[in-house]
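Values reported hereafter were calculated over all heavy atoms of this structure, with side chains retained and with hydrogens, waters and symmetry mates removed. Protein chains get the first letters and strands the later ones, always in sequence-line order, with residue 1 at the start of each.
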Amino acid sequence: MSAIFIVDIQHSKSMKQKIEGLLLHAFGALKTSGLIDQTLEPQIVVERTRDASHGDFTTNVALTLAKAAKTNPKLLAEKIIAALPQDNIVTNVELAGPGFINFFVDRNSQYDIIKRIHNEGQRFGLSTIGAGKKVQVEFVSANPTGPLHVGHGRGAAYGSAVADLLNAVGFKVHREYYVNDAGRQMDILATSIWLRYLEICGEVLPFPSNAYRGDYIRDIAVDIHNSASNEYRRPAELVLESTPPDEPEGGDKEIYIDALIARTKTLLGTSLYRDFFQMGITTILDDIRDDLKEFGVNYQQWFSERQLMEDNSVDTAIARLRAGGHLYEQDGATWFASSKLGDEKDRVVKRENGQYTYFASDIAYHMNKLDRGFDHIVNIWGADHHGYIPRIKAAITALGADESKLKVLLVQFATLYRGEEKIQMSTRSGDFVTLRQLRNEVGKDAARFFYVMRRSEQHMDFDLKLATSKSNENPVFYVQYAFARVCSVFRQLDGKGWERNLPLGMNSLNLLTEEHEIALISILARYPEMLERAALQYEPHQLIQYLRELATAFHTYYNAHQFLVDEAQIRDARLNLIGATKQVLSNGLGLLNITTPESM
RNA sequence: GCGCUUGUAGCUCAACCGGAUAGAGCACCAGCCUUCUAAGCUGGGGGUCGCAGGUUCGAGUCCUGCCAAGCGCGCCA
């Protein structure tokens with residue numbers, strides 16, 4: 001008897017596909033009977049209706065095809081309708097408006113979705129459309145010069161949601177963080193920490209205007225001093241020996257900090273400098289790792305830029321460009337002729353001083369990605385890097401690959417407010433709200449939900465006051481509350497001395513005839529197609545929108561009807577419906593790494 | 001100046017490959033708790049979809065021009 005609510009293959013195929021099949025059949029018939037031209041290639045698009053009075057599904061194929069068929073849309077629609085084969089699932093077909101064909105689906109077949117959700121459980125909604133293709137998703141990749149701030153948080157939430165969505169629809173996803181552990185920023189970091197360290201040792205010296213001045217710098221210096229005591233101490237007068245003036249003294253802050261970096265390297269020597277440098281970066285990177293992990297963001301790989309430099313990948317990449325004739329020398333530097341490949345101007349890859357530019361290692365990094373055989377490469381960048389896209393695409397082309405393999409998704413920075421007050425942020429000055437602070441204030445769930453709620457390219461105002469308020473203004477509670485309410489109903493069942501009879505409920509689904517029930521069922525049925533679209537369009541906010549809609553339909557239903565009624569058949573049918581709702585809420589929130597508390 | 005992104009209700013945002021009467025939340029107004037959690041529900045007001053043209057059966061969505069905001073235009077990363 002357990003087979004009662006096993007869904008047969010026919011039914012698990014989506015209604016949408018079935019209707020597309022019927023339409024294809026109709027076109028075939030029209031062509032053979034000569035009623036429409038053989039050469040017409042109809043693009044059949046079946047959509048769910050937005051208005052129940054338009055039936056369940058609709059197609060505009062008569063409208064789009066009318067011109068090519070040299071007829072008017074209504075006439076064509078009539079022909080199509082007449083040619084549609086009989087089907088026991090479609091109860092009615094109507095011609096509507098300027099030429100829409102609306103399909104009304106038999107209610108009994110719509111109930112099957114409840115059985116399907118029950119059978120598939122956590123797997124409901126997953127698909128195989130990705131066909132196991134390998135996708136690399138690189139995101140956050142913030143320089144390890146300080147803790148992640150709320151701007152990075154959006155990239156983290158969005159990036160992991162995109163990765164998880166792609167995974168859910170059948171792609172093999174590789175999540176990666178590119179660690180910029182080489183270059184001048186890192187030297188500034190090491191020098192900043194060292195200067196704080198010297199202060200702790202008792203040396204008196206001015207702090208450079210261009211150094212990192214956040215509290216975390218001092219914290220790291222304290223840690224180092226605790227473990228290494230005065231090992232790295234050097235007298236202040238030696239540090240400042242023959243250094244140019246800093247900006248406040250009328251000098252150039254860039255030149256000044258570079259001079260201090262040079263002094264640091266000289267005074268510590270290669271080996272000690274390297275140790276010191278490494279302690280700084282390790283501390284910060286560990287912090288970032290913990291932070292992201294606690295935020296529910298996990299990576300398969302942390303990819304080191306320094307590694308690329310050290311294993312000659314950069315040399316190899318540049319050599320490959322040279323072999324392809326994409327490089328030339330000018331003014332003592334080596335240039336990549338990216339303007340021939342869609343960039344606005346050529347770019348330097350190796351400076352006059354013999355050092356590679358950041359761009360050079362990025363070329364090497366992308367060569368590495370290509371060589372690893374990913375079918376798709378997804379980079380998630382802050383929107384301020386948009387000007388960088390053409391040169392990276394040019395590099396990929398020059399390396400002999402198809403640049404369409406690379407998809408760059410931009411995330412706008414969130415503008416932070418505390419109520420009316422706009423919060424200015426600067427990494428250098430250390431004056432920013434960290435992701436950790438945000439998480440501590442609002443919690444992981446609200447932070448993730450809030451970040452992903454809006455389209456990524458949309459500028460977003462993040463009001464801390466609102467996000468930190470644990471009130472009903474926070475939409476995550478609304479969705480979680482729907483889940484908790486279902487749990488509560490099931491808990492009440494015992495208290496009333498009833499037992500849930502699952503098969504009885506499944507056999508009684510046709511008793512679910514209330515408007516609210518039909519509406520809820522229809523939303524549940526949309527979950528798989530919504531998930532697929534959200535994934536393929538890299539738009540996790542669609543999932544959030546959906547969950548809010550589902551929660552609304554449930555809350556409305558909850559207020560309109562009692563579930564735990566005396567009549568067992570209705571009761572069990574309703575329990576199966578809200579059980580399915582619970583499952584979909586859980587699947588959706590789970591995908592977003594948001595918890596599902598059983599009571600609130 | 002050039003390029004990219006954005007512009008939708010008082011505020012924050014949706015709108016599926018161009019579809020039928022542009023939708024939510026917040027705020028505002030009026031209601032609903034002896035009944036499964038009121039972090040909920042019901043009803044109401046609120047819109048020149050930045051502006052002006054164009055494309056077509058049909059445009060918030062596509063094209064052109066303008067306006068405004070953000071960002072980018074380094075031998076920085």
Looking only at side-chain N and O atoms, does A:Arg571 come under 4.0 Å of OP1 or OP2 in B:C36?
-> no

Check whether the side chains of A:Thr552 and A:Tyr478 place a donor and an acceptor atom closer than 3.5 Å, and report yes or no.
-> yes

Do any side-chain nitrogens or oxygens of A:Arg548 fall under 4.0 Å of OP1 or OP2 in B:C26?
-> no

Which is true for A:Glu352 with a 4.0 Å heavy-atom rule: it touches a base, it touches only sugar-phosphate, or it touches nothing?
-> base

Any salt bridge between A:Arg322 and A:Glu329, counting N to O under 4.0 Å?
-> yes

So does A:Arg574 pair up with A:Glu567, basic N to acidic O under 4.0 Å?
-> no

Could I get a table of every N or O pair under 3.5 Å where one atom is in the protein and the other is in nucleotides 68-72 of chain B?
{"unit_1": "B:C71", "atom_1": "O2", "unit_2": "A:His386", "atom_2": "NE2", "d": "3.4"}

Proximal nucleotide (of B:U6, B:A77, B:C36) relative to the A:Lys496 side chain | B:C36

Expressed as a whole number of Å, how far does the P atom of B:C32 sit from that of B:U8?
-> 37 Å

Separation of A:Ile392 atom CD1 from B:C4 atom C1', in whole Å?
-> 16 Å

Taking OP1 and OP2 of B:A14, is either one under 4.0 Å from a side-chain nitrogen or oxygen of A:Gln458?
-> yes

Name the nucleic acid region contacted by A:Arg455, choosing base, sugar-phosphate or nothing; use a 4.0 angstrom heavy-atom cut-off, strictly under.
-> sugar-phosphate

Sugar-phosphate, base or nothing in reach of A:Asp494, heavy atoms under 4.0 Å = nothing

Among side-chain atoms of A:Glu247 and A:Ser209, is any donor-acceptor pair under 3.5 angstrom?
-> no

Sticking with atom P, work out how far B:G23 lies from B:A68, rounded to a whole angstrom.
-> 32 Å

Could you tell me whether the side chains of A:Arg500 and A:Asn576 share a donor-acceptor contact shorter than 3.5 Å?
-> yes

State whether a side-chain donor-acceptor pair under 3.5 Å links A:Glu517 with A:Tyr557.
-> yes

Reckon A:Lys350 touches a base, only the sugar-phosphate, or nothing at all at heavy-atom distances under 4.0 Å?
-> nothing

Ordered by number, residues from residues 53-70 of chain A within less than 4.0 Å of RNA chain B (heavy atoms) are A:His54, A:Thr58, A:Asn60, A:Leu63, A:Thr64, A:Lys67

Would you tell me if any nitrogen or oxygen in the side chain of A:Gln492 comes within less than 4.0 Å of OP1 or OP2 on B:U35?
-> no

Can you see which heavy atom on A:Tyr356 is nearest to which on A:Arg351, and at what distance?
-> O-NH2, 3.7 Å

Chi-based syn or anti call at B:C13, which uses purine or pyrimidine torsion atoms and a 90° bound = anti

Toward the 5' end of RNA chain B, by each residue's nearest nucleotide, A:Asn143 or A:Ile101 = A:Ile101

For nucleotides B:G60 and B:A22, find the distance between their C1' atoms and express it as a whole number of Å.
-> 8 Å

Taking A:Tyr558 for its side chain and A:Val486 for its backbone only, find out whether a donor-acceptor pair lies under 3.5 Å.
-> no

Polar side chain donor-acceptor pair, A:Tyr527 to A:Gln583, under 3.5 angstrom = no

Spacing of A:Asn353 atom CG relative to B:G74 atom C1', expressed in whole Å = 14 Å

Please say whether more than 12 non-hydrogen atoms of neighbouring residues, nucleotides or ligands are located less than 6.0 Å from CD in A:Gln43.
-> no

Would one find more than 12 heavy atoms of other residues, nucleotides or ligands at under 6.0 Å from atom CD of A:Glu310?
-> yes

Interatomic distance, A:Asp445 CG vs B:A39 P [rounded to whole Å] = 18 Å

d(CD, A:Glu457; C1', B:G7) in whole Å = 14 Å

Presence of salt bridge, A:Arg48 and A:Glu529, under 4.0 angstrom = yes

Rounded to whole angstrom, note down the C1' distance from B:G45 over to B:C29.
-> 8 Å

In sequence, state the C-alpha distance, the side-chain angles, and the governing distance for A:Glu20 and A:Thr59, and then conclude on side chain to side chain contact (heavy atoms under 4.5 Å, CB included).
-> CA-CA 9 Å; A:Glu20 280 165 10; A:Thr59 181; over 6 Å; no

Basic-acidic side-chain contact under 4.0 Å: A:Arg533, A:Glu539 | no

Remember a base hit wins even if backbone is also touched, and classify A:Gln355 as base, sugar-phosphate or nothing at under 4.0 Å, heavy atoms.
-> nothing

Using a 4.0 Å heavy-atom cut-off across all strands, classify A:Thr334 as base, sugar-phosphate, or nothing.
-> nothing

P spacing across the pair B:A30 / B:A20, given as an integer number of angstrom | 35 Å

Calculate the interatomic distance between A:Glu94 atom CD and B:A20 atom P; express it in whole Å.
-> 17 Å

From OH of A:Tyr178 across to P of B:A77 the rounded distance in Å is 11 Å

Which part of the nucleic acid, if any, lies within contact of A:Gln480, taking any heavy atom under 4.0 Å across all strands shown: a base, the sugar-phosphate backbone alone, or nothing?
-> nothing

Interatomic distance, A:Phe359 CZ vs B:C73 P [rounded to whole Å] = 14 Å

List in numerical order all residues of residues 554-563 of chain A for which some heavy atom is under 4.0 Å away from an atom belonging to RNA chain B.
-> A:His555, A:Thr556, A:Tyr558, A:Asn559, A:His561, A:Gln562, A:Phe563

Are any of A:Lys345's side-chain N or O atoms less than 4.0 Å away from OP1 or OP2 of B:G74?
-> yes

Both distances under 3.5 Å, Watson-Crick or G-U wobble: on that basis, could you give the dot-bracket string for RNA chain B, with [ ] for crossing pairs and | for other-strand partners?
-> (((((((..((((.....[...)))).(((((.......))))).....(((((..]....))))))))))))....

Is a donor-acceptor pair below 3.5 Å formed from side chain A:Asp187 to base B:A77, judging by atom type as modelled?
-> no

Side chains of A:Gln185 and A:Thr145, donor plus acceptor under 3.5 Å | no

Span that lies between the C1' atom of B:U64 and that of B:G70, in whole angstrom | 24 Å

If we take the C1' atom in both B:U48 and B:U56, what is their distance in whole Å?
-> 23 Å

What residues, two or more places apart in sequence or in another chain, satisfy side-chain contact (heavy atoms from CB on, under 4.5 Å) together with A:Ala394?
-> A:Phe336, A:Ser338, A:Leu341

Rounded C1' spacing from B:C36 to B:C41 in Å = 15 Å

When the nearest nucleotide of RNA chain B is assigned to A:Thr49 and to A:Ser456 on a heavy-atom basis, which residue is associated with the more 5' position?
-> A:Ser456

Would you indicate what A:Asn72 reaches in the nucleic acid, counting non-hydrogen atoms under 4.0 angstrom: base, sugar-phosphate, or nothing?
-> nothing

Set of residues satisfying side-chain contact (heavy atoms from CB on, under 4.5 Å) with respect to A:Glu499, sequence neighbours excluded = none

For B:C67, measure the glycosidic angle (O4'-C1'-N9-C4 for a purine, O4'-C1'-N1-C2 for a pyrimidine) and name it syn if it falls within 90° of 0, otherwise anti.
-> anti

Have a look at A:Pro98 and say if it touches a base, only the backbone sugar-phosphate, or nothing, with a 4.0 Å heavy-atom cut-off.
-> base

Look at the side chain of A:Ser304 and the backbone N and O of A:Gln307, then say whether any donor-acceptor pair between them is shorter than 3.5 Å.
-> yes

Could you check how far CZ of A:Arg347 sits from P of B:C75, rounded to whole Å?
-> 8 Å

